[in-house]
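Have a look at the structure below before the remarks.
Position 1 is the first residue of the sequence, and the numbers go up from there. Values reported hereafter were calculated over all heavy atoms of this structure, with side chains retained and with hydrogens, waters and symmetry mates removed.
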Amino acid sequence: MTRRPTPPALLLAALLTLPGPAAAGQEPPLSSLTLVGPPRTIFKAGRDACDGADVPDAPARAFRDAGGAVAMFGMHYRNRALRGPDLDHLKLDCAVVLESGEKSDPALYDDRSWITATWTEDGRAVAALLHHEYQANEHEGRCPAGTYMACWYNTITAAASGDGGRSFRRASPPAVVAAAPFRQEVDQGRHRGFFNPSNIVAQGRWRYMLASTTGWDRPGSDQDSGVCLFRTATPDDPTSWRAWTGAGFAAAFPDPYAARARLPDTCRPVAPFPAPVGAVVRHRGTGAFIAVFMAKAGGEFPQSGFYWTSSRDLLAWDKPRLLMAGATLYDDPCTAPGGLIAYPSLLDPSAEGRNFDDAGDTAILTYATLRTEGCRITSERDLLRRPVAIKVWP
C-alpha cells in the first residue's frame with residue numbers, strides 16, 4: 001500500500017504568521033532576476049518515486065562529491081538524494097541516506113528529520129543541517145491539544161556523512177544547532193522553535209545560513225519571531241553556530257535537555273523576510289548575495305509568489321521584488337484550483353564552489369508544484385527548474 005506523507009514540516013512554515021517585514025534597504029535595486037525560459041521537470045512523484053514518502057518537501061540543496069558527481073537533497077523525511085553527473089541529469093536514488101526514527105522521546109531529536117542544508121569541503125565529509133520536527137500530537141500523552149500545529153516543536157539539529165552523502169549518521173548525544181530555550185512540554189498549545197534553515201553560503205573563512213524562529217517570551221529574554229542569520233567557521237561542529245544579535249555573532253541556542261538553565265540568548269531577526277528563506281547565493285562577479293523566498297500577497301508583497309532580494313553583507317537587504325507569481329503554501333489551497341508553488345532555490349550548474357553557493361549571470365530556479373483537490377494539498381508534487389538571468393549592479 002502506498003504510504004502518503006503526513007503534512008510536511010516545511011509546509012508548516014506556510015501556516016506560520018511571522019511579523020511583517022521591516023523596511024528594506026537599498027533603492028534602486030542592487031540586482032535583477034528574470035525568468036528566461038519555460039519550466040522543465042526534474043522529478044515527478046507519480047513517475048519517479050521509490051515509495052509514497054518521495055515528494056519534494058524542501059528547497060533543493062546540492063553539492064559535488066569527491067568524484068565530481070552531484071547529490072541533491074530536498075525530499076521528505078525518509079531522506080533520499082537525487083544523483084547524477086551534473087545538475088542537468090539527476091535521478092532519485094532509492095537508497096535511504098537518513099531515516100526518521102519517529103521516536104516518542106523529544107530529548108532524542110529523532111522523530112522526523114529533513115536534510116535541509118549540506119556543506120562539504122572535499123566531497124567526502126559532509127555536514128548536514130536537519131529540520132527536526134517533533135510531532136507531539138502523534139505521540140500519546142505528549143500534547144493535550146492534540147493537533148498538528150498546536151503540538152509542533154521544532155529544532156535545527158545536525159548529521160554527518162563520511163561517504164560523500166551516501167549515508168548520514170546522527171551523533172549521540174544528539175547534535176543540536178539551534179533550539180528554543182525550553183523543553184517540548186513547556187508552552188504547549190502553539191508551534192514553536194527554530195526551523196527551515198537555508199542553504200549554507202561561504203564568505204571568506206565564514207559559513208552562513210538563515211533560519212526562522214517562532215520566538216518566545218521569557219523573563220529578561222524576549223525573542224522576536226522572524227529570520228535569524230547564523231555564522232560559523234566550522235560547519236562540521238554543530239555547536240559552533242552563532243546568531244547575529246545586532247552587535248555581533250554571539251547568540252547560542254543549545255539543547256535545553258542537556259544545557260544548564262540560564263538566561264536565554266536572543267538573535268535579531270533580519271528584514272525583509274516574512275518567512276523562511278528558500279536559498280541564498282553569492283554572485284561571483286560582484287560578491288553580492290541574492291536570496292529567494294516565497295510570500296503571500298499583502299503589505300509589501302503585491303502578489304503571492306517567489307520573490308528575491310539582494311545584499312552586500314547578509315544583514316541589510318533591498319526591497320523584495322517578484323520573480324514568479326503564483327499561489328504558494330502561504331495561500332489558502334481552497335482558492336488555488338491550479339495548485340500551489342513552493343520551496344524556491346537557486347542553483348548555478350557552473351558554480352565554482354563544490355556546494356553550489358555561488359552563481360554567475362545565469363542560474364536555475366528550482367521549485368515544487370503541489371496539486372490541490374478542493375481544500376486538500378495532495379502528495380502529487382513535481383520538482384521543476386526554470387532558467388534565470390541575473391544582473392547585479394556594482
Side-chain angles (χ1 to χ4, degrees), residues 4-22 24 33 35 38-39 41 43-45 55-60 74-76 114 116 131 133 147-150 152 154 190-191 195-196 198 210-214 225-227 269 271-279 291-309 319-346 365-386 388:
R4 298 183 71 83
T6 58
L10 284 100
L11 182 148
L12 286 175
L15 304 176
L16 295 175
T17 303
L18 296 183
L33 270 63
L35 295 170
T41 301
F43 170 89
K44 190 174 185 64
V55 294
D57 199 37
M75 304 299 283
H76 211 248
W114 287 249
T116 42
H131 168 107
E133 184 168 335
T147 60
Y148 185 42
M149 284 298 290
W152 176 52
N154 214 98
R190 71 176 184 91
H191 51 280
F195 54 97
N196 292 30
S198 73
L210 292 138
S212 294
T213 179
T214 56
S225 59
V227 174
F273 305 107
V277 174
V292 292
F293 59 96
M294 57 184 174
K296 179 181 178 180
E300 190 173 353
F301 304 98
Q303 294 177 261
S304 294
F306 298 151
Y307 283 76
W308 90 87
T309 178
K319 179 180 178 180
R321 286 169 169 82
L322 183 68
L323 175 60
M324 181 173 142
T328 75
L329 281 175
Y330 301 115
D331 291 277
D332 183 356
C334 302
T335 61
L340 306 173
I341 57 174
Y343 312 129
S345 185
L346 280 178
L365 170 73
T366 64
Y367 62 98
T369 58
L370 297 77
R371 188 169 65 86
T372 56
E373 291 180 353
C375 296
R376 186 174 67 89
I377 300 172
T378 75
S379 295
E380 295 301 317
R381 307 184 189 185
D382 298 339
L383 179 63
L384 305 180
R385 56 180 279 174
R386 291 189 69 177
V388 177

Steps toward side chain to side chain contact (heavy atoms under 4.5 Å, CB included) verdict (E133, F195): CA-CA 8 Å; E133 184 168 335; F195 54 97; over 6 Å; no
Go through the side-chain N and O atoms of N154 and H131 and say whether any donor and acceptor fall under 3.5 Å apart.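 Distance-only check passes for N154 and H131.
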Consider side-chain contact (heavy atoms from CB on, under 4.5 Å). Of I377, T328, D332, T369, which one does L340 pass it with?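 Between L340 and the candidates, side-chain contact (heavy atoms from CB on, under 4.5 Å) is satisfied uniquely by I377.
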Interatomic distance, [X] atom [atom1] to [Y] atom [atom2] [nearest 0.5 angstrom]:
X    : Y    : atom1 : atom2 : value
D57  : T116 : CG    : OG1   : 11.0 Å
M324 : L365 : CE    : CG    : 6.5 Å
T309 : R321 : OG1   : CZ    : 8.5 Å

So does [Y] get a backbone contact from the side chain of [X], meaning a donor-acceptor N/O pair under 3.5 Å?
X    : Y    : result
S345 : P59  : no
S198 : L210 : yes
T366 : R385 : no
R381 : P56  : yes

Evaluate the ring planes of F301 and F293, with Trp represented by its six-membered ring, and classify them as parallel (under 30°), tilted (30 to 60°) or perpendicular (over 60°).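 Ring orientation, 0 to 90° scale: perpendicular.
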Sequence neighbours excluded, the answer for side chain to side chain donor-acceptor pair (under 3.5 Å) partners of T372 is none
Using side chain to side chain contact (heavy atoms under 4.5 Å, CB included), reason through M294 and L329 one step at a time and then give a plain yes or no. CA-CA 8 Å; M294 57 184 174; L329 281 175; 4.1 Å; yes
What pair of heavy atoms forms the shortest contact from [X] to [Y], and how long is it?
X    : Y    : answer
P320 : P272 : CG-CG, 3.5 Å
A295 : P274 : CB-CG, 4.1 Å
P39  : L384 : CB-CD1, 4.3 Å
S212 : V227 : OG-CG2, 3.5 Å

One pair to check against side chain to side chain contact (heavy atoms under 4.5 Å, CB included): L346 and L33. What are the steps and the verdict? CA-CA 11 Å; L346 280 178; L33 270 63; 4.0 Å; yes
Does a side-chain heavy-atom distance below 4.5 Å link E373 with E380?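 E373 vs E380: side chains apart.
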Are D331 and K296 within salt-bridge range, i.e. N to O under 4.0 Å? no
R386: what forms a salt bridge (charged side-chain N to carboxylate O under 4.0 Å, His left out) with it, not counting sequence neighbours? none
Any chance you could lay out the side chain to side chain contact (heavy atoms under 4.5 Å, CB included) test for W308 and L323, step after step, and finish with the verdict? CA-CA 7 Å; W308 90 87; L323 175 60; 3.9 Å; yes
